[in-house]
Amino acid sequence: MRDGREAGVPAFPVKDIAAENALPRSAMPPSTNATYAVARTNAQLSRVLRKFDAEKGSALWASAQDAWKRAEARPDVDPPGTGDGVDAEGGGDYPDTQNSDDRYAAAAELYLTAEQRADGSAEGYRTAVTGSAHYGEIDAFDWGRVAPAGSLSLLTVPNGLPPADLSRMRESLRAVADSLVATQRGEGYPAPISGATAYPWGSNSAVVNRMMLLGTAYDLARDRGHLKAMHRAMDYLLGTNAMGISYVTVYGAHRETDLHDRLAWGQYPATPYPSGWLSGGPNSADISDPVTPTGRPAAKSYAGPGTAPSAWSSKENTINWNAPLVWVATYLKSTAPDLTSR
């Protein structure tokens with residue numbers, strides 16, 4: 001995706017469906033960090049779905065444990081193209097040579113689920129959690145740095161970890177949330193990221209991930225300042241920003257209308273563009289497309305209307321910023337009365 005392509009599918013743009021179908025496909029081999037991701041995702045899903053569908057929950061639990069064993073057996077297999085500056089065929093170069101954070105986050109989810117199920121494996125996963133260098137790590141996170149996601153689960157799901165450890169994690173989260181509020185207050189627009197440095201690829205992902213930190217902090221300490229900061233950050237995404245547009249498709253009088261996605265090519269003209277998709281956002285750190293402007297202030301490094309096929313640096317659409325958007329939108333709706341209650 002970093003070069004306008006998506007893993008496992010042909011390069012863009014192509015002019016018609018027949019031409020696209022004639023191009024070769026490829027499948028990426030497994031990596032250690034991706035296998036740990038399967039383990040942590042399925043462990044969490046198993047925990048959540050168990051009371052609704054016990055059979056499905058058990059199947060997911062078995063899959064999570066199997067993925068953990070496979071990752072443990074091959075602890076240092078990196079994705080194709082990692083660190084060598086050469087894009088993997090069918091996708092961009094996503095350097096992520098550290099697997100310890102993925103292991104920690106997976107161990108956290110497996111521990112919580114095993115404990116919930118009274119599974120005998122819980123102690124082993126607990127040891128993997130508490131023995132990790134990432135134990136209790138809470139800070140900004142993204143697709144390549146996932147340890148804080150494990151810590152957030154440890155804080156929000158009842159478990160048998162030492163109370164003193166959990167207390168330290170809560171204090172760390174509160175400090176991070178307070179720093180995000182301070183950053184937001186120092187900006188001209190209510191973004192919880194600083195404009196003093198370059199906006200990264202997927203800056204809106206950084207915004208929604210930080211909103212998750214603020215929301216979890218509010219859940220634990222009920223500091224309205226954290227909840228208000230979340231609402232202000234949503235204002236930023238929906239138009240109170242330097243571009244004066246809503247970065248969420250279909251939402252807002254002045255809104256984004258085209259994102260870097262196959263639908264953007266006009267190959268499927270009868271398909272309406274989906275609503276509720278979040279754009280990657282301004283990017284002044286790593287521009288590799290021909291239309292995202294360079295030499296602009298960080299918050300204005302964003303491609304204009306109708307540029308989606310060539311605007312992967314700033315108008316990319318991906319699951320790792322649309323998934324947290326669903327979380328924060330749901331959370332803000334459910335907690336909105338807290339802003340007016342006494």
Side-chain angles (χ1 to χ4, degrees), residues 1-5 81-87 91-98 101 137-148 176-214 229-230 232-248 256 259-260 278-305 307-308 310-322 324-325 328:
M1 292 187 290
R2 296 281 295 274
D3 59 354
R5 296 180 290 168
T82 294
D84 59 12
V86 178
D87 286 347
D93 190 13
Y94 296 89
D96 184 11
T97 58
Q98 177 175 272
D101 59 322
E137 181 178 322
I138 296 177
D139 203 344
F141 58 92
D142 58 27
W143 65 267
R145 185 168 179 258
V146 300
V176 169
D178 287 346
S179 72
L180 293 175
V181 172
T183 295
Q184 187 183 62
R185 289 175 176 171
E187 294 298 299
Y189 294 95
I193 55 176
S194 175
T197 56
Y199 272 28
W201 192 302
S203 63
N204 285 342
S205 174
V207 171
V208 288
N209 286 346
R210 284 159 174 76
M211 290 171 74
M212 292 181 70
L213 289 165
L214 287 164
M230 275 192 79
R232 296 192 69 219
M234 184 62 87
D235 289 341
Y236 168 82
L237 294 176
L238 293 176
T240 310
N241 54 59
M243 298 303 298
I245 63 169
S246 168
Y247 290 121
V248 183
E256 184 53 86
L259 300 184
H260 182 71
L278 179 63
S279 166
N283 167 20
S284 58
D286 186 11
I287 300 172
S288 61
D289 68 46
V291 293
T292 298
T294 58
R296 304 291 302 279
K300 300 204 76 171
S301 299
Y302 190 75
T307 60
S310 300
W312 52 84
S313 295
S314 57
K315 298 176 76 168
E316 184 180 26
N317 167 53
T318 82
I319 193 170
N320 57 298
W321 44 80
N322 281 270
L325 176 67
V328 300

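Residue indices begin at 1 and follow the sequence shown.
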List the steps and the verdict of side chain to side chain contact (heavy atoms under 4.5 Å, CB included) for Ile138 and Leu213.
CA-CA 9 Å; Ile138 296 177; Leu213 289 165; 4.3 Å; yes

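Atom CG of Leu238 is separated from atom CG of Leu278 by 9.0 Å, given to the nearest 0.5 angstrom. Between Leu325 atom CG and Asn209 atom CG the span is 11.0 Å, to the nearest 0.5 Å. For the atom pair OG (Ser205) and CD1 (Ile319), the distance works out to 12.0 Å, reported to the nearest 0.5 Å. From Trp312, atom CH2 reaches atom CG of Leu259 across 15.0 Å, with rounding to the nearest 0.5 Å. Rounded to the nearest 0.5 angstrom, Leu237 CG and Asn204 CG are separated by 5.5 Å. Summarising the geometry, atom CG belonging to Asp101 is positioned 6.0 Å from atom CG belonging to Asp96; distances are rounded to the nearest 0.5 Å.
The two residues Ala233 and Pro192 have their closest heavy-atom pair at CB-CD, 4.0 Å. The two residues Ser194 and Tyr199 make their nearest non-hydrogen contact at O-CE1, 3.7 Å. Taking each heavy atom of Tyr247 and Ala299 in turn, the nearest pair found is OH-O, 4.3 Å. Residues Pro190 and Gln184 approach most closely at O-NE2, 3.1 Å, considering heavy atoms. Between Ser203 and Pro282, the shortest heavy-atom distance links the atoms OG-O, 2.7 Å. Of all heavy-atom pairs spanning Trp321 and Val208, the tightest one is O-CG2, 3.9 Å.
For Arg210 (side chain) and Ala206 (main-chain N/O), a donor-acceptor pair under 3.5 Å exists by modelled atom type. Ser284 contributes no side-chain N or O that, together with a main-chain N or O of Ala198, makes up a donor-acceptor pair within less than 3.5 Å. Side chain of Ser310 to backbone of Val291: no donor-acceptor contact under 3.5 angstrom is found. Formation of a donor-acceptor pair under 3.5 Å by the Asp286 side chain with backbone atoms of Trp201 is not found in this model. A distance-only check finds a donor-acceptor pair linking the side chain of His260 to the backbone of Ala308 [under 3.5 Å]. In terms of modelled atom types and a separation under 3.5 Å, the side chain of Glu137 and the main chain of Pro148 share no donor-acceptor contact. Put simply, the side chain of Asp142 gets close to the backbone of Arg145: a donor and an acceptor are under 3.5 Å apart.
The salt bridge (Lys or Arg N to Asp or Glu O under 4.0 Å) search around Glu187 returns none, not counting sequence neighbours.
Residues in residues 290-303 take part in these side chain to side chain donor-acceptor pair (under 3.5 Å) pairs, two or more places apart or across chains: Glu256-Tyr302, Ser279-Tyr302, Asp289-Thr292, Thr292-Ser314. Residue pairs meeting the side chain to side chain donor-acceptor pair (under 3.5 Å) criterion with at least one member in residues 233-242, sequence neighbours excluded, do not occur.
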